[in-house]
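One structure is given below, encoded as structure tokens.
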Amino acid sequence: PRGMRFVKIKDHTNCDLCIQTELHNIPFGFNTKDNCLQISIPKNSKIYTCVKHVENLIKEQTFKNSTEYLRKSKFPKNEIDELFISNVKTSENFDPLFKLSFNKYTCVYKDDEETIIEPENILKQSKGKFILMPLYIWGSASNYGIKWIVKQMIYHDNVNLNNVKPMFI
């Protein structure tokens with residue numbers, strides 16, 4: 001779209017930033033229309049804290065670099081916060097949901113096996129462990145946000161997870 005801007009996200013050593021999660025609920029399964037899924041992340045979880053920290057860092061950088069990121073002159077800090085679209089959606093009655101995108105390089109492993117499955121086979125009410133990456137900051141004429149993608153995933157479709165072995169993805 002006209003005015004859209006993309007800025008790559010790197011860590012302090014100019015490498016891609018990756019985050020490994022614990023086991024999380026996947027309440028709705030894979031959304032083939034948007035090529036994404038949502039995971040449940042309790043507010044007291046490490047991933048929730050980490051994602052919110054990354055979002056706050058991005059807001060700070062956007063405030064400092066609004067001309068480059070949003071192609072607009074300096075904004076007041078409160079406007080930068082208001083324009084930000086988070087991938088984390090909160091609700092009074094449920095844990096927050098974190099929207100994650102998949103791309104053609106995303107690799108999904110079934111359970112702790114080395115079997116690779118297609119994301120379309122991820123069912124609702126399942127679980128997964130993820131390696132996530134904030135790929136870039138996107139910006140439009142009216143708002144901006146972070147594109148989060150799944151790099152790798154270990155998928156568990158069964159409800160009895162007592163025998164799941166810990167495994168680095």
Side-chain angles (χ1 to χ4, degrees), residues 1-41 45-48 50-55 57-59 61-62 65 68-71 83-89 95-159 161 164-169:
R2 190 165 187 240
M4 185 68 88
R5 179 91 169 141
F6 300 98
V7 178
K8 288 286 286 173
I9 298 175
K10 301 286 186 180
D11 71 6
H12 67 283
T13 63
N14 203 31
C15 294
D16 291 334
L17 175 64
C18 291
I19 301 167
Q20 183 173 346
T21 74
E22 300 161 336
L23 197 63
H24 288 280
N25 292 322
I26 306 167
F28 307 113
F30 187 76
N31 180 332
T32 55
K33 179 182 173 201
D34 294 332
N35 212 32
C36 68
L37 59 75
Q38 296 180 43
I39 62 172
S40 177
I41 56 171
S45 67
K46 291 178 186 177
I47 187 66
Y48 181 86
C50 187
V51 168
K52 287 302 182 181
H53 181 71
V54 170
E55 287 183 349
L57 289 173
I58 295 302
K59 289 178 193 178
Q61 289 301 311
T62 302
N65 303 297
E68 177 189 353
Y69 289 8
L70 302 176
R71 295 186 179 171
L83 294 173
F84 185 78
I85 305 292
S86 177
N87 284 41
V88 178
K89 303 300 178 206
D95 284 335
L97 293 173
F98 184 28
K99 183 178 178 180
L100 303 169
S101 298
F102 283 62
N103 64 21
K104 64 182 179 181
Y105 304 110
T106 300
C107 195
V108 180
Y109 295 98
K110 175 86 166 86
D111 295 317
D112 291 337
E113 306 165 9
E114 293 183 12
T115 306
I116 296 175
I117 65 166
E118 294 298 318
E120 296 81 24
N121 295 320
I122 298 172
L123 303 173
K124 64 182 179 179
Q125 303 304 324
S126 55
K127 296 186 182 288
K129 288 172 45 175
F130 304 85
I131 292 182
L132 310 175
M133 187 173 111
L135 188 59
Y136 55 78
I137 303 166
W138 59 266
S140 69
S142 58
N143 43 38
Y144 72 105
I146 302 171
K147 174 77 169 190
W148 287 90
I149 64 165
V150 175
K151 296 286 283 180
Q152 290 183 7
M153 174 184 177
I154 296 177
Y155 169 67
H156 302 280
D157 62 358
N158 57 357
V159 271
L161 296 170
V164 173
K165 296 178 246 170
M167 177 178 162
F168 181 77
I169 301 178

Checking the side chain of Asn25 only, and the main-chain atoms of Pro27 only, is there a donor and an acceptor separated by less than 3.5 Å? no
Electrostatic pair Lys127-Asp157, nearest N-O below 4.0 angstrom: no
Is there a side-chain contact between Lys89 and Pro96 in this structure, where contact means two heavy atoms from C-beta onward sitting under 4.5 Å apart? no
Heavy atoms, side chains only, cut-off 4.5 Å: are Ile122 and Phe102 in contact? yes
To the nearest 0.5 Å, atom OG1 of Thr21 lies from atom CD1 of Ile154 at 9.5 Å
Return yes if some donor-acceptor pair links the side-chain N/O of His24 with the main-chain N/O of Ser40 below 3.5 Å, else return no. yes
Only pairs at least two apart or in different chains count here, so list each salt bridge (charged side-chain N to carboxylate O under 4.0 Å, His left out) that has a residue in residues 137-146. none
Please check: side-chain N/O of Thr106 versus main-chain N/O of Val150, any donor-acceptor pairing under 3.5 Å? yes
Quick check, are the ring centers of Tyr144 and Phe84 under 6.0 angstrom apart? yes
Does some side-chain heavy atom of Lys124 sit less than 4.5 Å from a side-chain heavy atom of Ile26? no
Under 3.5 Å: donor-acceptor pair, side chain of Asp34, backbone of Cys36: no
What verdict does the side chain to side chain contact (heavy atoms under 4.5 Å, CB included) test give for Asn87 and Leu100, after you've listed the backbone C-alpha separation in whole Å, the side-chain angles of each residue and the deciding distance to 0.1 Å? CA-CA 8 Å; Asn87 284 41; Leu100 303 169; 6.0 Å; no
Between Ile9 and Ile137, is any pair of side-chain heavy atoms under 4.5 Å apart? yes
Rounded to the nearest 0.5 Å, what's the gap from CD1 on Ile41 to CD1 on Ile47? Could you check? 6.5 Å
Can you check whether Leu97 reaches Ile39 side chain to side chain, under 4.5 Å on heavy atoms? no
Pair Tyr48 + Phe98: ring centers closer than 6.0 Å: no
Below 4.5 Å, heavy atoms only, C-beta onward: do Phe130 and Ile19 meet side chain to side chain? no
One should read off an interatomic distance between Gln20 CD and Lys129 NZ, to the nearest 0.5 angstrom, of 6.0 Å
Which residues share a side-chain hydrogen bond (donor to acceptor under 3.5 Å, both in side chains) with Lys52, sequence neighbours left out: Glu55
Less than 3.5 Å apart, any donor N or O on the side chain of Asn35 or Thr32 sitting next to an acceptor on the other? no
Donor-acceptor contact below 3.5 Å, side chain Tyr155 vs main chain Leu123: yes
Here the salt bridge (charged side-chain N to carboxylate O under 4.0 Å, His left out) pairs for residues 14-32, sequence neighbours left out, are Lys10-Asp16
Closer than 3.5 angstrom, by distance alone: can the side chain of Thr62 be matched with the main-chain N or O of Ile58 as a donor-acceptor pair? yes
Return the minimal non-hydrogen interatomic distance between Trp148 and Lys99, and the atom names on each side. CB-O, 4.3 Å
